[in-house]
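Not measured: the values here are computed from a predicted model.
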Amino acid sequence: MTDIASLRPALAVAVAAVAVVPILASARRPNLREGWTVLAAGGSFALVASMLPGALSGTVRVSNLGTLVTGVELSLRADPLGMLFATVASLLWLVTSFYSIGYMRGLDEGDQTRYFAAFAASVAAALGVAFAANLVTTFVFYELLTVATYPLVTHDETAEARAAGRKYLAYTFGGGVAVLAGTVLVATMTGTTDFTAGGIAALATADPILARAAFVLLIGGFGVKAALMPLHSWLPDAMVAPTPVSGLLHAVAVVKSGVFGIARVVLDVYGVELTGTLGMGLPLAVVAAATLLLASVIALRQDNLKRRLAFSTVSQLSYIVLGIAILDPQSIVGGLLHIPAHAFMKLTLFFTAGAIHVETHTDDISEMAGIGKRMPLTMLAFGVAAAGMAGIPLVAGFVSKWYLLLGSVGAGQPVFAVVLLLSGVLNIAYFWPVFYQAFFESEDDHDAKPLVEFSLGGETRSILPEESVYEPDPVTDGGHASEVNEASGSSSDYQSDGGHASEVNEASGSSSDYQSDGGHADDHDGHHGGPPAGGWERRDWLGGESTWFMLGPILAAMTGAVVLGVIPGTAVFLRLVKVIVTAATGVAV
């Protein structure tokens with residue numbers, strides 16, 4: 001690798017960060033505000049993409065921004081591992097920007113300017129984590145990412161959202177403290193915190209006890225955002241945020257910064273050989289294997305679609321950690337390749353959940369029977385992404401899991417191959433009921449439970465009575481507090497932090513009044529949760545189910561997942577991963 005001085009890594013971060021100012025200044029002009037968002041996202045991605053050819057050919061661009069603390073430079077370095085994370089984050093920010101416009105306007109969300117500004121700041125921090133040249137710079141941006149994403153987690157400003165925000169801060173700041181402590185230990189033992197492919201050489205002669213302690217602190221600190229059990233519980237609770245934020249948390253920035261940090265520690269701080277010598281690879285692999293199985297079992301019990309996806313994320317992130325912890329070149333390829341694979345697939349799944357919420361105000365799987373008639377393209381995209389998550393061929397997840405299986409067997413640890421296969425079965429178990437209900441069951445007579453019927457399977461109801469009334473929780477991921485009862489023509493008064501304004505039911509002339517900080521004005525057809533009277537309206541396959549601001553990004557993310565599955569060798573991510581692994585292990589893959 002050849003380092004050359006360049007402003008491009010710093011500019012990629014700066015474009016996203018500076019965009020916060022014009023976004024805030026355009027609060028009264030929504031089109032201009034969202035134009036700034038898209039422009040910044042496109043600019044950051046263009047800058048990152050311009051550095052890809054150099055990263056593949058061995059040219060690393062470095063931006064030195066001055067001395068952070070004595071002996072430590074604030075430096076950004078676009079090496080292949082950083083480029084992997086930065087490319088995923090910048091590309092999917094662009095896709096999510098368009099989706100956010102459709103979602104936030106579709107629900108008439110309040111505080112949209114704050115949302116778009118915080119989103120830009122979050123991606124800037126994520127790019128800073130990606131390009132950080134040493135542990136201290138990583139720590140700075142890692143903590144900034146927590147601060148920037150907090151307003152997004154608490155966006156609805158309900159009691160539930162604030163509680164989730166407090167929990168998020170407690171967990172992630174606690175993880176940051178652990179990262180800082182581990183960084184100090186590494187600096188004390190080696191005199192440097194700079195990332196080096198293959199690891200910092202001086203660690204090999206350091207006190208093994210201190211070296212192991214620093215490893216545990218660093219992995220534990222990054223493991224919070226990587227949602228390793230038992231450090232995961234903040235993640236499902238954060239689902240109170242708007243759905244595009246869930247996509248940011250689960251696919252683009254936050255959780256990926258956690259698994260990326262673990263990859264940095266194993267590959268560029270300790271190195272594969274020293275990690276194995278210290279005996280730290282196997283315990284980390286065991287924790288990852290336990291997490292991916294337990295989270296999958298918990299996902300079976302979740303009726304709320306976003307919470308099921310949240311526990312799926314906890315499980316899928318551990319594929320990445322497991323691949324790195326096995327310490328075999330093939331498994332590391334699989335683990336790192338699962339970073340973009342999971343990003344495209346999980347973003348597709350969260351986008352579909354958000355579109356369902358915007359268009360039908362339905363959040364629970366037990367209320368989605370027949371919804372494929374109403375949202376055919378959306379649910380087809382869900383099925384494709386879910387198949388990839390389960391490791392079905394022709395979608396991205398199959399390729400990364402194939403490498404993980406090869407690495408497990410090649411490293412002489414077939415037990416982890418069995419874990420991976422079992423996890424694939426569990427993925428089918430918790431995704432298939434959603435797709436099956438959407439296309440193969442009707443609203444008036446359907447099986448409301450997940451695939452298995454016992455205590456670990458969740459719902460035990462079999463048939464919902466025809467006169468069943470759907471009464472979801474008063475606050476959902478979109479912030480809706482209630483709705484008008486069309487049949488009775490009655491009105492309800494609410495106080496809501498998240499909020500809806502008022503609406504008028506044209507058929508009955510009744511209204512619902514709210515006290516709100518800023519909010520949702522429309523409730524579509526007055527229906528809220530599950531199929532309306534008479535069943536789902538059948539829509540065609542030409543996009544009539546939603547706005548293209550949401551449907552376009554759904555199909556784009558799904559297409560990315562398919563491209564990574566069908567032509568992985570052509571897609572840049574696999575080539576980039578092979579460069580990373582070759583440099584870290586000395587073995588060409």
Side-chain angles (χ1 to χ4, degrees), residues 5-27 29 32-51 61-68 72-79 82-83 85-98 100-101 111-134 136-155 169 172-173 176 225 244-245 247-249 251-254 256-257 260-261:
S6 173
L7 285 176
R8 271 187 263 184
L11 286 175
V13 177
V15 166
V18 172
V20 173
V21 176
I23 289 171
L24 291 174
S26 305
R29 302 178 66 183
L32 181 60
R33 174 191 65 206
E34 289 152 13
W36 284 117
T37 298
V38 173
L39 183 63
S44 284
F45 174 65
L47 285 164
V48 171
S50 73
M51 294 184 281
R61 288 176 168 81
V62 180
S63 300
N64 289 315
L65 306 178
T67 301
L68 189 61
V72 178
E73 296 293 319
L74 180 61
S75 182
L76 301 177
R77 188 171 184 268
D79 65 355
M83 286 298 300
F85 182 26
T87 304
V88 172
S90 59
L91 174 59
L92 294 185
W93 179 32
L94 181 59
V95 175
T96 305
S97 294
F98 287 102
S100 293
I101 295 170
D111 298 309
Q112 293 188 31
T113 299
R114 181 185 66 192
Y115 165 87
F116 283 107
F119 214 111
S122 298
V123 176
L127 291 175
V129 171
F131 290 141
N134 53 65
V136 177
T137 305
T138 299
F139 167 75
V140 171
F141 284 104
Y142 192 70
E143 295 296 81
L144 287 175
L145 181 58
T146 296
V147 174
T149 49
Y150 173 76
L152 297 173
V153 174
T154 60
H155 178 82
L169 289 181
T172 53
F173 277 144
K225 282 180 180 169
V245 176
L248 171 75
L249 293 171
V252 180
V254 177
K256 289 300 189 298
S257 73
F260 174 78

So does [Y] get a backbone contact from the side chain of [X], meaning a donor-acceptor N/O pair under 3.5 Å?
X: Ser50; Y: Leu47; value: yes
X: Arg77; Y: Pro9; value: no
X: Lys225; Y: Gly261; value: no
X: Ser75; Y: Asn64; value: no
X: Ser26; Y: Ile23; value: no
X: Asp111; Y: His155; value: no

Rounded distance [0.5 Å steps], [atom1] in [X] versus [atom2] in [Y]:
X: Phe98; Y: Thr37; atom1: CZ; atom2: OG1; result: 10.5 Å
X: Arg61; Y: Leu76; atom1: CZ; atom2: CG; result: 14.5 Å
X: Met51; Y: Thr87; atom1: CE; atom2: OG1; result: 8.0 Å

Please give me the minimum heavy-atom distance between [X] and [Y], naming the atom from each residue.
X: Val18; Y: Pro22; value: O-CD, 3.0 Å
X: Leu145; Y: Ser257; value: CD2-OG, 3.5 Å
X: Ala132; Y: Thr138; value: CB-OG1, 3.2 Å
X: Glu73; Y: Thr137; value: O-OG1, 3.4 Å
X: Trp93; Y: Ser44; value: CZ3-OG, 3.8 Å
X: Phe119; Y: Ser100; value: CE1-OG, 4.3 Å

Checklist entry - Which residues pass the side-chain hydrogen bond (donor to acceptor under 3.5 Å, both in side chains) test with Arg33, sequence neighbours left out? => result Gln112, Thr113
Item to check | Phe141 atom CZ: more than 12 heavy-atom contacts under 6.0 Å | outcome: yes
Please tell me if the side chains of [X] and [Y] come closer than 4.5 Å, counting only heavy atoms from C-beta onward.
X: Ser63; Y: Phe131; result: no
X: Phe45; Y: Leu92; result: no
X: Ile101; Y: Val38; result: yes

Item to check | CA sep, side-chain torsions, deciding dist, call: Tyr115, Val245, side chain to side chain contact (heavy atoms under 4.5 Å, CB included) | outcome: CA-CA 9 Å; Tyr115 165 87; Val245 176; 3.5 Å; yes
Checklist entry - Which word best sums up how the rings of Phe260 and Phe85 line up, parallel for under 30°, tilted for 30 to 60°, or perpendicular for over 60°? => result tilted
Side-chain donor-acceptor contacts of residues 120-128 below 3.5 Å, not counting sequence neighbours, with atom names and distances?
| residue | atom | partner | partner atom | Å |
| --- | --- | --- | --- | --- |
| Ser122 | OG | Ala118 | O | 2.8 |
| Ser122 | OG | Ala148 | O | 3.4 |

